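The structure under discussion appears below in the form of structure tokens.
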Amino acid sequence: MAPPFSCAATLFRPTTTTTVPCAGSLARPKIHSKPSTTVTNRRILKSWPLRSSLAQQNPPKQEEEEEAAIDVNPFVDFLYDDLPHLFDDQGIDRTMYDKLVKFRDPITKHDTIDGYLFNIRLLKLLFNPDFQLHNVRQTGPYEITTRWTMVMRFVLLPWKPELVFTGCSIMGINPQTQKFCSHVDIWDSIKNNEYFSFEGLLDVLKQLRIYKTPDLETPKYQILKRTANYEVRKYDSFLVVETKGDKLSGSSGFNKVTGYIFGKNSSTEKIPMTTPVFTQAIDDKLSDVSIQIVLPMDKELTNLPTPTVEGVSLRKVKGDIAAVIKFSGKPTEEVVKVKEKGLRAAALKDGLKPQEGCLLARYNDPGRTWSFIMRNEVLIWLDEFILE
């Protein structure tokens with residue numbers, strides 16, 4: 001099958017037309033998922049018949065009997081086993097594809113397995129790809145849909161920008177050859193997924209901008225979905241040291257929490273610095289605020305020293321799912337509230353259930369970082385999330 005897409009490689013390909021993290025276990029996900037049968041997907045599939053390679057001489061009854069005889073479950077199991085090898089030395093199993101298999105994504109197309117495999121090699125050379133498979137499911141009598149996340153770093157640019165794409169691959173099965181005969185990629189971040197999509201090209205280019213992220217430990221998360229406006233992330237649990245703050249964009253209490261990691265604790269232990277610094281509001285007016293510093297991931301509450309400064313405490317933040325919007329510039333109170341309002345509105349429009357309050361994540365030292373490359377984020381925890 002299938003990598004999720006072949007996007008950015010088209011920006012650097014030679015004159016001939018050729019195309020196109022790892023996540024741990026690929027066991028069936030705990031996040032609920034359900035099949036997607038959008039009109040957009042169906043319209044794209046109609047652009048060329050999934051059964052175009054079938055012999056037209058077969059009478060309809062015989063063709064129906066052949067299709068009905070397909071057991072798709074082995075194909076599903078195959079993709080769960082094969083896709084983890086997309087970018088390793090083993091690679092995917094080309095024998096499971098027709099020679100004239102059709103691949104399409106918003107900015108790339110191929111009509112042979114050889115062209116598709118060449119583009120995978122090109123992506124592997126230019127990027128450091130991380131393909132994360134979320135689920136594989138049957139969505140038709142000869143159709144399988146995979147959902148995935150692709151995270152890549154463009155290593156040729158000095159700032160090594162991160163490009164993220166999420167979406168679905170719709171795989172057609174040729175009932176005559178018992179092989180994959182088609183593969184259409186749908187990106188979550190754009191509306192026009194038909195080749196050639198200028199919206200898709202713009203989506204690639206805008207991710208090449210500079211964000212400065214310090215080389216420090218940060219809470220671990222997986223991007224489940226990236227839309228045009230925000231990401232949905234699944235965070236692992238993490239620990240924070242926190243105290244009372246004054247406002248989301250404020251720094252009141254910062255010296256207290258940094259004092260803890262610099263040795264103002266029961267064992268005078270110095271604890272490594274991490275990123276980001278969080279300020280969290282837990283009410284709808286965004287007025288009840290705390291300021292937090294994330295503690296190293298190898299720490300546990302049981303082996304951390306006790307804070308010695310009044311009002312400073314330790315807490316474990318439970319792993320959960322959040323909607324997140326990233327932005328640069330100085331995160332003033334007005335800017336943060338506008339970002340929170342926009343993120344909340346977008347999440348509600350998409351049928352999500354955002355909780356009250358939000359977090360502001362500041363990754364950079366404002367005194368040492370140009371504002372236009374600062375990395376700031378607003379996060380809103382979600383009550384539930386269905387990965388479709």
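These numbers come from a predicted model, not from an experiment. Count residues from 1 along the sequence.
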Are Asp111 and Arg104 close enough, and set up right, to give a salt bridge (Lys or Arg N to Asp or Glu O under 4.0 Å), and what steps lead you there? CA-CA 9 Å; Asp111 295 316; Arg104 298 290 186 271; 3.0 Å; yes
Keeping the roles fixed (side chain from Asp350, backbone from Ala347), state whether a donor-acceptor pair exists under 3.5 Å. no
What I want to check is whether the side chains of Gln280 and Gln292 have a donor and an acceptor closer together than 3.5 Å. yes
Treating Ile, Leu, Val, Met, Phe, Trp and Tyr as nodes and any side-chain heavy-atom pair under 4.5 angstrom as an edge, say whether Phe154 and Leu125 lie in one connected cluster. no
Between Thr258 and Asn255 (side chain of the first, backbone of the second, donor and acceptor by atom type, cut-off under 3.5 Å), is there such a pair? yes
Test side-chain contact (heavy atoms from CB on, under 4.5 Å) applied to Val336 and Arg362, step by step: CA-CA 11 Å; Val336 174; Arg362 289 173 281 185; over 6 Å; no
Does any non-hydrogen side-chain atom of Arg153 lie less than 4.5 Å from one of Phe127? no
Considering only heavy atoms from C-beta outward, does the side chain of Thr145 approach that of Cys168 to under 4.5 Å? yes
May I ask you to decide if Thr306's main-chain N or O and Ser266's side chain share a donor-acceptor pair within less than 3.5 Å? yes
Asp188: what forms a side-chain hydrogen bond (donor to acceptor under 3.5 Å, both in side chains) with it, not counting sequence neighbours? Arg147, Thr166
Within the 4.5 Å heavy-atom criterion, are Cys358 and Leu248 side-chain neighbours or not? yes
Just checking, is any N or O donor in the side chain of Thr95 or Asp93 under 3.5 Å from an acceptor N or O on the other one? yes
Test side chain to side chain donor-acceptor pair (under 3.5 Å) applied to Gln207 and Glu162, step by step: CA-CA 7 Å; Gln207 294 190 73; Glu162 181 180 86; over 6 Å; no
Are Val240 and Val312 linked, directly or through other ILVMFWY residues, by side chains that come within less than 4.5 angstrom of each other? no
Salt-bridged, Asp236 to Lys318, with N to O below 4.0 Å? no
Would you say the side-chain atoms of Gln178 pair up with the backbone N or O of Pro175, donor to acceptor, closer than 3.5 Å? yes
With heavy-atom distances below 4.5 Å as the criterion, would you say the side chains of Trp381 and Pro354 are in contact? no
Anything under 30° is parallel, anything over 60° is perpendicular, the rest tilted; go ahead and classify Tyr221 against Tyr235. tilted
Common cluster, Leu123/Leu156, ILVMFWY with side-chain heavy-atom separation under 4.5 Å: yes
Spell out, yes or no, whether Ile373 and Leu208 are grouped together once hydrophobic residues are joined by side-chain heavy atoms under 4.5 Å, including indirect joins. yes
Cation-pi check, Lys326 onto Tyr211 ring (under 6.0 Å, within 45° of axis): yes
Just checking Phe262 against Tyr260, ring centres under 6.0 Å apart? no
Closest contact, heavy atoms only, Lys179 versus Asp98: CB-OD1, 3.5 Å
Carboxylate-amine/guanidinium contact Asp203 Arg226, below 4.0 Å: yes
Please evaluate residues Thr218 and Tyr363 with respect to the criterion side-chain contact (heavy atoms from CB on, under 4.5 Å), reporting the C-alpha separation (whole Å), side-chain torsions for both, the decisive distance (0.1 Å), and the verdict. CA-CA 9 Å; Thr218 189; Tyr363 284 81; 3.9 Å; yes
With a 3.5 Å distance limit and no angle check, can you tell me whether Asp283 reaches the backbone of Asp288 through a side-chain donor-acceptor pair? yes
Compare all side-chain heavy atoms of Trp148 with those of Leu86 and state whether any distance is below 4.5 angstrom. no
Using side chain to side chain donor-acceptor pair (under 3.5 Å), reason through Asn192 and Glu199 one step at a time and then give a plain yes or no. CA-CA 7 Å; Asn192 177 20; Glu199 183 186 5; 5.3 Å; no
Non-hydrogen side-chain atoms of Ile113 and Leu100 separated by less than 4.5 Å: no
Begin with the C-alpha distance, continue with both residues' side-chain angles, and end with the deciding distance and a verdict on salt bridge (Lys or Arg N to Asp or Glu O under 4.0 Å) for Arg233 and Asp320. CA-CA 8 Å; Arg233 299 178 184 171; Asp320 215 336; over 6 Å; no
His85 and side-chain hydrogen bond (donor to acceptor under 3.5 Å, both in side chains): which partner among Asp89, Asp88, Asp82, Asp81? Asp88
Under 3.5 Å donor-acceptor, Thr149 side chain and Ile223 backbone: yes
Do Ser251 side-chain atoms and Phe254 backbone N/O form a donor-acceptor pair below 3.5 Å? no
Do side-chain atoms of Ser197 reach the backbone of Asn193 as a donor and acceptor pair under 3.5 angstrom? no
Check whether any side-chain N or O of Thr243 sits under 3.5 Å from a backbone N or O of Val257 as a donor-acceptor pair, and report yes or no. no
Salt-bridge test for Glu269 and Lys264: reply yes if a basic N is under 4.0 Å from a carboxylate O, no otherwise. no
I want to check something: taking the side chain as every heavy atom from C-beta on, are Glu242 and Arg315 in contact at a cut-off of under 4.5 Å? yes
Check whether any side-chain heavy atom of Ser169 lies under 4.5 Å from a side-chain heavy atom of Val184, and answer yes or no. no
With distance as the sole test, does Ser249 use its side chain to make a donor-acceptor pair with the main-chain N or O of Glu333 at under 3.5 Å? yes
Do the rings of Trp187 and Phe165 sit parallel, tilted or perpendicular, given the 30° and 60° boundaries? tilted
Show the numbers, then the answer: is there a side-chain contact (heavy atoms from CB on, under 4.5 Å) between Val164 and Met150? CA-CA 6 Å; Val164 178; Met150 176 75 95; over 6 Å; no
Audit row: Asp114, Arg94, salt bridge (Lys or Arg N to Asp or Glu O under 4.0 Å) steps and yes/no: CA-CA 9 Å; Asp114 289 332; Arg94 65 175 294 155; 2.5 Å; yes
What class does the angle between the rings of Trp370 and Phe372 fall in, given that below 30° is parallel, 30 to 60° is tilted and above 60° is perpendicular? parallel
Given Phe75 and Phe180, is the side-chain contact (heavy atoms from CB on, under 4.5 Å) satisfied, shown in steps? CA-CA 9 Å; Phe75 290 88; Phe180 294 110; 3.8 Å; yes
Shared ILVMFWY cluster between Phe278 and Ile261, side chains joined below 4.5 angstrom? no
